[in-house]
Amino acid sequence: MKENHTTLPPMLPLRAFEAVARLGGVTAAAAELYVTHTVISKHLKQLEEFLGVKLTTRDGRRIALTPSGQAYAMQVIAAFSSVRQATRALTRAESANDVIVTVSPAFATRWLLPRLEKLKAVFPEIRIHVDMSYAYRDLDAGEADVAVRHGNKHLEGLVSLEVCHDSMVPVAAKDSIGADMLANRDFRSLSGVTALQENWEHGWAEWCEHFKDNNADASTLNVRQFPDSSLVFEAVKAGLGIGLVRQSYLEHAQGVVTFPHLSIPARESTWIAMSRRSSRRASVRMISEWLQQEFRLSEATSAA
């Protein structure tokens, strides 16, 4: 940012950037905001000029986010999602067919959004609103109806179901040195390699402890942390290092090599939670049961 670091970015360029990042391209963003491609491109340029940071790059006709753009996008998407959720909570009278599902941005990007059209097709009569936020919503207060979160215990006062015992899987960019080292179990040669993980995951220290008999040593790794598993995945694709990513986030993985045989158990399981009041609504129960079914299918696919 050029002048006042406390000043908010201009709203229209920020909204255009959020739509491009969330929807994956200029065409979809332009359609959602009812503007032209040219307007979206102009807004992106204005935001970059305001921040003094390159957020996007072009690969032929396709637009992609830079690492700085990816990190900024996760925060901006979560902020806009919070505003949408707050607006719905303020303005809507509770409808039996409105269901708010709150998830982390990483879970939304890597697991839920690829399945969202399938979910809507199964329940066309239910209006599904996805709230993407790092913050835990107050389910008892009605801030959301269903939550999907990672944790290691039953959520007190809520109807909660443990639906996934995940693994942390090493991933590397295709044809990278890190991919060769992992494929050959040449863990001694990982010395000095950049190893990426989420801020709150146990990550590479426990992975190296698990494989210490194969000469894995965490003290020799250059560990970098990201706030979100989706950012770890994108950083690996960009060739910034090897990463540890949840198995459930890798079902639609492209551009990386995964090593499930070198995985370790995740410290936290995945839970579906509802307030007791919400759990009595038929529409909420149907969405919850569908999510449980999809987790079972996903685990069966991973095990096959």
Side-chain angles (χ1 to χ4, degrees), residues 1 7-92 98-121 127-135 137 143-144 148 226-235 237-238 249 252 254-255:
M1 191 179 299
T7 302
L8 286 172
M11 189 52 60
L12 289 179
L14 189 65
R15 188 182 180 198
F17 173 73
E18 187 272 345
V20 169
R22 172 169 49 83
L23 299 173
V26 172
T27 299
E32 180 175 278
L33 299 179
Y34 297 100
V35 296
T36 64
H37 288 63
T38 302
V39 170
I40 295 292
S41 298
K42 181 179 178 181
H43 283 328
L44 293 177
K45 183 178 180 182
Q46 288 173 340
L47 183 60
E48 290 178 333
E49 290 176 349
F50 179 86
L51 297 171
V53 176
K54 187 69 174 174
L55 300 174
T56 62
T57 185
R58 284 199 171 273
D59 180 9
R61 299 182 63 182
R62 178 178 173 274
I63 196 167
L65 300 181
T66 64
S68 295
Q70 292 166 7
Y72 190 50
M74 298 303 294
Q75 302 292 335
V76 171
I77 289 171
F80 270 79
S81 181
S82 294
V83 172
R84 293 187 186 99
Q85 190 277 336
T87 303
R88 284 194 297 268
L90 180 67
T91 59
R92 77 176 177 115
D98 276 307
V99 176
I100 300 174
V101 181
T102 180
V103 298
S104 70
F107 182 83
T109 302
R110 301 299 318 159
W111 195 94
L112 183 57
L113 293 185
R115 293 172 166 83
L116 192 56
E117 289 306 313
K118 177 182 177 182
L119 173 58
K120 290 180 176 179
R127 290 181 291 275
I128 301 162
H129 310 282
V130 179
D131 169 57
M132 294 180 283
S133 175
Y134 294 114
R137 301 304 185 193
E143 292 183 351
V148 181
F226 288 79
D228 191 286
S229 192
S230 184
L231 288 177
V232 173
F233 182 83
E234 292 300 327
K237 281 179 61 177
Y249 290 0
H252 301 278
Q254 295 180 342

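Atoms considered below: every heavy atom in the structure, side chains included; atoms not considered: hydrogens, waters and symmetry mates. Numbers here are sequence positions counted from 1.
- For the atom pair CZ of Arg127 and CG of Asp98, the computed distance is 4.5 Å after rounding to the nearest 0.5 Å.
- Note that the CD1 atom of Ile128 and the CG atom of Leu116 stand 6.5 Å from one another [nearest 0.5 Å].
- The side chain to side chain donor-acceptor pair (under 3.5 Å) search around Thr27 returns His37, not counting sequence neighbours.
- When all heavy atoms are compared, the tightest approach of Ser133 to Ser82 is OG-OG, 4.1 Å.
- At least one side-chain heavy atom of Phe17 sits less than 4.5 Å from a side-chain heavy atom of Leu65.
- With no hydrogens or angles considered, no side-chain donor-acceptor pair links Ser104 and Arg110 at under 3.5 Å.
- Identified under the salt bridge (charged side-chain N to carboxylate O under 4.0 Å, His left out) test for residues 19-32, with sequence neighbours left out: Glu18-Arg22, Arg22-Glu32.
- Thr109 contributes atom OG1, which lies 6.5 Å from atom CE of Met132 (distance to the nearest 0.5 angstrom).
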Step-by-step side-chain contact (heavy atoms from CB on, under 4.5 Å) determination, Val53 to Tyr72: CA-CA 10 Å; Val53 176; Tyr72 190 50; over 6 Å; no
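- Counting heavy atoms from C-beta outward, Arg15 and Phe80 have side chains that approach closer than 4.5 Å.
- Closest approach of Ala235 and Phe226 over heavy atoms only: CB-CZ, 3.8 Å.
- Between Tyr134 and Met74 the shortest heavy-atom distance is OH-CB, 3.7 Å.
- Side chain of Thr66 to backbone of Lys54: a donor-acceptor contact under 3.5 angstrom is found.
- Of the inter-residue distances, the one linking Leu8 atom CG with Leu14 atom CG reads 8.5 Å to the nearest 0.5 angstrom.
- The minimum heavy-atom distance between Ile40 and Ala16, with the atom names listed, is CD1-CB, 4.0 Å.
- Rounding to the nearest 0.5 Å gives a distance of 11.0 Å between CD of Gln46 and OG of Ser41.
- In this structure the side chain of Ile77 never reaches within 4.5 angstrom of the side chain of Pro105, judged on heavy atoms.
- The two residues Gly25 and Ile63 have their closest heavy-atom pair at CA-CG2, 4.3 Å.
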Step-by-step side-chain contact (heavy atoms from CB on, under 4.5 Å) determination, Val148 to Leu112: CA-CA 10 Å; Val148 181; Leu112 183 57; over 6 Å; no
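- The line from CD of Glu117 to CG of Leu119 is 9.5 Å long, rounded to the nearest 0.5 Å.
- Closest non-hydrogen pair, Ala71 versus Leu231, comes out as N-CD2, 3.8 Å.
- The number of heavy atoms from other shown groups lying within 6.0 Å of CZ (Arg115) is above 12.
- Using a 4.5 Å heavy-atom threshold, the side chains of Pro10 and Phe50 count as touching.
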